[in-house]
Amino acid sequence: MGKPFKGELEKLSDTIRWAEKQDVTALRSFFSVNAGTPMICIGSGGSFSAASYAAMLYKQMCGLAVPMTPLAFDTSSDAIIRDSKLLFFSASGRNKDFLIAFQRGLEVGRGDMAGVCLRESSKLDAIIEKCNPDFKKHTFPIPTVKDGFLATNSLLAFFVLVYRCFFEAKPSNFIGKGTGYNLNHTFDLSKIDNFIVLHGNLSEPVAVDLESKFSEAALGSVLMADYRNFGHGRHQWFDKKGGNSCIVALVNENDRQLAEKTLSKMPEDVHVVRIESELRNPLATIDLLVKSFQFVSAIGEVRSIDPGRPGVPDYGTELYHLNYAKLISDESIEQPIKDLAISRKLRLGSKALVPVNEYEAYSKAYDEFISRLQDKEYNLLALDYDGTICNVDRNARWKEELEESIARQINKLLAAGIRIAIMTGRGDSMHKLLQNSVKKEYWSQVYLGCYNGAVIVPLTEDTSSIEAVKNAPLDGQLVALQKELKRYHFKPDKLKKYSTQLSLSCIDKQKAYEICNEIILSNNLNRLHIWSSSHSMDIVVSTKASKTAVKQISEDVLVIGDRGDYEGNDFEMLSMPYSLSVDGVSRNPETCWNLTPRELRGLDVIKYYLRKIKVNKDGFKIKF
């Protein structure tokens, strides 16, 4: 299994030049948009080294980032995944661990997500089609096709592709100059079993990769430490067990003085291997990576092990193909629905993190809310559309009817006599969608609220009143905001205008949000408010229209939406007394609670709520 390692190394120069010619414009955009958002970089095996390099660059240039293995990612909280940018690395897109984590990311994530692959993968494409057709996959078909047992050309390609998203210099002009490594004195590498790899910031991804290669090819054990952490006790190894050990010092111009000073404090008989680069920026990382491959090759030679094809025992193959998703559970973080609901309100993952007095206050509020919610007799059910009864991916949003299982449940409630209002930021296209989804005999029981409540009509009426709002003159403050957007040289991908609303669709929502808020504050456009939905941003003339529109039909209304947080487009509607969220909640203890089990996702959440509705002769109740 695998290919000769030295043969892999002979292709490295060609791989660098190939990667320099690839168009990384779209991948660069992923890093640059919403750049302050934390990012998780996911990779398995050798691709974890690429994830480490991407995280290092993002931390230096943009914001917080962390590399994760698939298992670490898959066991992270939904909140972390939802609130982070996600970047996936896989050379082939076929690794089972990677695919499990990838599917979780697509199911839970609601922010920016991208994947970098070096081969087409039908398995990857099937998950994308099923979970999120909007997902951005960046495929770069590498000429070397497939590595040997260890990641070499694919890993170097990842490093160069990611580097080029941040810098213009050509790595081929700088990489691989000089000797790969040198020893502080003559010693027999074949007698070294333990390698203590010391690194700085730029060389940490290379240290990660050395640990990976030495372990996977059984070349020796690797302990990693940065130069300063080594000084906090890790040097003790050489005092107690240093006989068959050496230091592998990764050195570049950024940390050369620290490296030399650290090494000078060690006894002269301590074996040291230096892998050095004369560069002082993230090019040094790529340079050190290439030189570290030479060191791996040398250790393999003295061990009589070809790192490219070390041989894999049967149990190793079985371990590789384990389906970990069936073997783990999160019972350790399971919470009763009450504690989970309170944790969601307080943006905390565990009851233990909630101060006692605050927990007691919200516990009392929860009990009172549940009592009021279940005792109340309702005669209207108001449902948000996008993110609540419709998934937020592009395919779902552009369908001309509701998803079949949702339509079935809604028609069942209508058949029992319940009146339903569907609220959306969209316009008259929703009218046709609902008529396609609801049986005609129930149209008189259905109301459509468009443009965040600016107009609400029974489904039996035509769309003239909706079109009137759409075609009315734009509010003066919205005109002023649109004019100012041009001064900021900001052009959204899509801009839709309605009399009381501007709807923006853009990749960099954070940038749009900040610019619009600056304009509103600096120009005293005090009637405008910004609401964010799962797929766009609406600037509306604040009239509490959604709440008012629903109340026009009935005061006895149960409201369900997805974005109840203060920036969310359902905030006003979900501030009504009897409201539930399928996702984000406000901090208001009196309303807008999420009462769903942790494991439910997507449309299963609203289905859970709808099943709790109990119809009676006077209307309906909801029971938990």
**Study point:** Residues which pass salt bridge (Lys or Arg N to Asp or Glu O under 4.0 Å) with Arg408, listed by chain and number, not counting sequence neighbours
**Key:** Glu404
Point to revise | Any donor-acceptor N/O pair, Ser297 side chain to Phe293 backbone, under 3.5 Å | key: no
Exercise for review: Return the set of residues passing side chain to side chain donor-acceptor pair (under 3.5 Å) with Lys412 (not counting sequence neighbours), or none when no residue passes.
Suggested key: none
Review point. Any salt bridge between Lys509 and Asp112, counting N to O under 4.0 Å?
Key: no
Study note, to complete from the structure: In short, Leu210 meets Val248 closest at the heavy-atom pair CD1-CG1, 4.3 Å
Review point. Got Val222 and Lys213 here, is their nearest side-chain heavy-atom distance under 4.5 Å?
Key: no
Practice item. Give the C-alpha distance, both sets of side-chain angles, the deciding distance and a yes or no for side-chain contact (heavy atoms from CB on, under 4.5 Å) between Met56 and Asn201. Key: CA-CA 8 Å; Met56 183 200 82; Asn201 175 50; 4.0 Å; yes
Check your understanding: Can any side-chain N or O of Asn34 pair as donor or acceptor with the backbone N or O of Gln510 at less than 3.5 Å?
Key -> yes
Practice item. Name all residues meeting the salt bridge (Lys or Arg N to Asp or Glu O under 4.0 Å) criterion together with Glu107; count only those two or more places apart in sequence or in a different chain, and write none if there are none. Key: Arg601
Review point. Atom CZ in Phe88, atom CE in Met68: separation rounded to 0.5 Å?
Key: 11.0 Å
Exercise for review: For Tyr58, check ring pair (Phe, Tyr, Trp, His ring centres under 6.0 Å) against everything at least two apart and list the hits.
Suggested key: none
Exercise for review: Report the residues that fulfil side chain to side chain contact (heavy atoms under 4.5 Å, CB included) with Asp565, sequence neighbours left out, ordered by chain and then residue number.
Suggested key: Arg347, Arg563, Glu567
Check your understanding: In Å and rounded to the nearest 0.5 Å, what is the CD to OH distance from Gln294 to Tyr181?
Key -> 8.5 Å
Check your understanding: Considering all heavy atoms of both residues, which atom of Lys623 and which atom of Gln374 are nearest to each other, and what is their separation?
Key -> NZ-O, 3.2 Å
Review point. Can you name the residues that form a side chain to side chain donor-acceptor pair (under 3.5 Å) with Ser405, not counting sequence neighbours?
Key: Glu403, Lys607
Exercise for review: For Glu301, enumerate each residue passing the salt bridge (Lys or Arg N to Asp or Glu O under 4.0 Å) test, keeping only those at least two apart in sequence or located in another chain.
Suggested key: Lys6
Study note, to complete from the structure: To the nearest 0.5 Å, atom OH of Tyr385 lies from atom CG of Asn569 at 14.0 Å
Review point. Checking Asp226 side chain against Asn229 main chain: does a donor-acceptor pair fall under 3.5 Å?
Key: yes
Review point. Salt bridge or not for Lys137 and Glu120, using N-O below 4.0 Å?
Key: yes
Practice item. Mark yes or no for whether Ser245, through its side chain, and Lys241, through its backbone, hold a donor-acceptor pair below 3.5 Å. Key: yes
Practice item. Of all the heavy-atom pairs spanning Pro310 and Ile305, show the shortest one and how long it is. Key: CB-CG2, 4.0 Å
Check your understanding: Can you list every pair that meets ring pair (Phe, Tyr, Trp, His ring centres under 6.0 Å) and has a residue in residues 113-144, with sequence neighbours left out?
Key -> Phe102-Phe135
Exercise for review: Taking all non-hydrogen atoms of both residues into account, name the closest pair between Ile81 and Gly109 and its distance.
Suggested key: CG2-N, 3.8 Å
**Study point:** Residues in side chain to side chain contact (heavy atoms under 4.5 Å, CB included) contact with Leu373, at least two apart in sequence or another chain
**Key:** Phe369, Tyr378, Leu558, Tyr578, Leu580, Leu595, Ile622, Phe624
Study note, to complete from the structure: Nearest heavy-atom contact between Gly561 and Asp384 is CA-CB, 3.7 Å
Review point. Short question: side chain of Lys59, backbone of Val66 - any donor-acceptor pair under 3.5 Å?
Key: no
N/O donor to acceptor pairs below 3.5 angstrom from side-chain atoms of residues 152-166, sequence neighbours left out:
residue: Thr152; atom: OG1; partner: Glu8; partner atom: OE1; Å: 3.0
residue: Thr152; atom: OG1; partner: Asp147; partner atom: OD1; Å: 3.2
residue: Asn153; atom: OD1; partner: Thr15; partner atom: OG1; Å: 2.5
residue: Asn153; atom: ND2; partner: Glu8; partner atom: O; Å: 3.0
residue: Ser154; atom: OG; partner: Asp147; partner atom: OD2; Å: 2.3
residue: Arg164; atom: NE; partner: Glu20; partner atom: O; Å: 3.4
residue: Arg164; atom: NH1; partner: Ala19; partner atom: O; Å: 2.9
residue: Arg164; atom: NH1; partner: Glu20; partner atom: O; Å: 3.4
residue: Arg164; atom: NH1; partner: Gln22; partner atom: O; Å: 2.7
residue: Arg164; atom: NH2; partner: Glu20; partner atom: O; Å: 3.2
residue: Arg164; atom: NH2; partner: Gln22; partner atom: O; Å: 3.1

Practice item. Using a 4.5 Å cut-off on heavy atoms from C-beta on, say whether the side chain of Arg587 contacts that of Tyr566. Key: no
Check your understanding: So, Asp78 and Arg104, do they make that salt bridge, N to O below 4.0 Å?
Key -> yes
Exercise for review: Please report the closest heavy-atom contact between Ser121 and Gly93, naming both atoms and the distance.
Suggested key: OG-O, 2.7 Å
**Study point:** Under 3.5 Å: donor-acceptor pair, side chain of Asp74, backbone of Ala101
**Key:** no
**Study point:** Pair Trp593-Ser581, side-chain donor/acceptor within less than 3.5 Å
**Key:** no
List the atom pairs, with distances to 0.1 Å, where a side-chain N or O of residues 43-53 and a protein N or O form a donor-acceptor pair under 3.5 Å, not counting sequence neighbours.
residue: Ser49; atom: OG; partner: Asp209; partner atom: OD1; Å: 2.9
residue: Ser52; atom: OG; partner: Phe48; partner atom: O; Å: 3.0
residue: Tyr53; atom: OH; partner: Pro282; partner atom: O; Å: 3.0

Point to revise | NZ or CZ of Lys3 within 45° of Phe149 ring axis and under 6.0 Å | key: no
Review point. How long is the gap from CG on Leu353 to CG on Leu346, to the nearest 0.5 Å?
Key: 10.5 Å
Point to revise | Residues Asp306 and Arg309 bridged, charged N to O under 4.0 Å | key: yes
Practice item. For Lys96 and His321, indicate whether the former's side chain and the latter's backbone hold a donor-acceptor pair under 3.5 Å. Key: yes
Review point. Are Asp97 and Tyr320 close enough that a side-chain donor and a side-chain acceptor fall under 3.5 Å?
Key: no
Review point. Less than 4.5 Å apart, any side-chain heavy atom of Leu86 and any of Phe73?
Key: yes
Practice item. State, with a plain yes or no, whether a side-chain heavy atom of Pro597 is found less than 4.5 Å away from one of Ile337. Key: yes
Review point. Got a donor-acceptor contact below 3.5 angstrom from the Ser203 side chain to the Val206 backbone?
Key: no
Practice item. For Glu318, check salt bridge (Lys or Arg N to Asp or Glu O under 4.0 Å) against everything at least two apart and list the hits. Key: none
**Study point:** Modelled atom types, side-chain donor and acceptor of Asp583 and Asn594, under 3.5 Å
**Key:** no
**Study point:** Note, Cys117 side chain near Leu124 side chain (heavy atom, < 4.5 Å)
**Key:** yes
**Study point:** Lys146/Ser92 under side-chain hydrogen bond (donor to acceptor under 3.5 Å, both in side chains): CA gap, chis, key distance, verdict
**Key:** CA-CA 8 Å; Lys146 188 178 181 182; Ser92 67; over 6 Å; no
Check your understanding: Going from CG on Leu610 to CG on Leu413, what distance comes out if it is rounded to the nearest 0.5 angstrom?
Key -> 6.0 Å
Review point. Does Ser32 use its side chain to pair, donor to acceptor, with the backbone of Ser29 at less than 3.5 Å?
Key: yes
Check your understanding: Under 3.5 Å, is there a donor-acceptor pair between the side chain of Lys136 and the main chain of Gly115?
Key -> no
Exercise for review: Starting from the C-alpha separation in whole Å, work towards a yes-or-no answer on side-chain contact (heavy atoms from CB on, under 4.5 Å) for Val273 and Ile247.
Suggested key: CA-CA 6 Å; Val273 178; Ile247 290 174; over 6 Å; no
Check your understanding: Can you find a heavy atom in the side chain of Ile389 that is under 4.5 Å from one in the side chain of Leu402?
Key -> yes
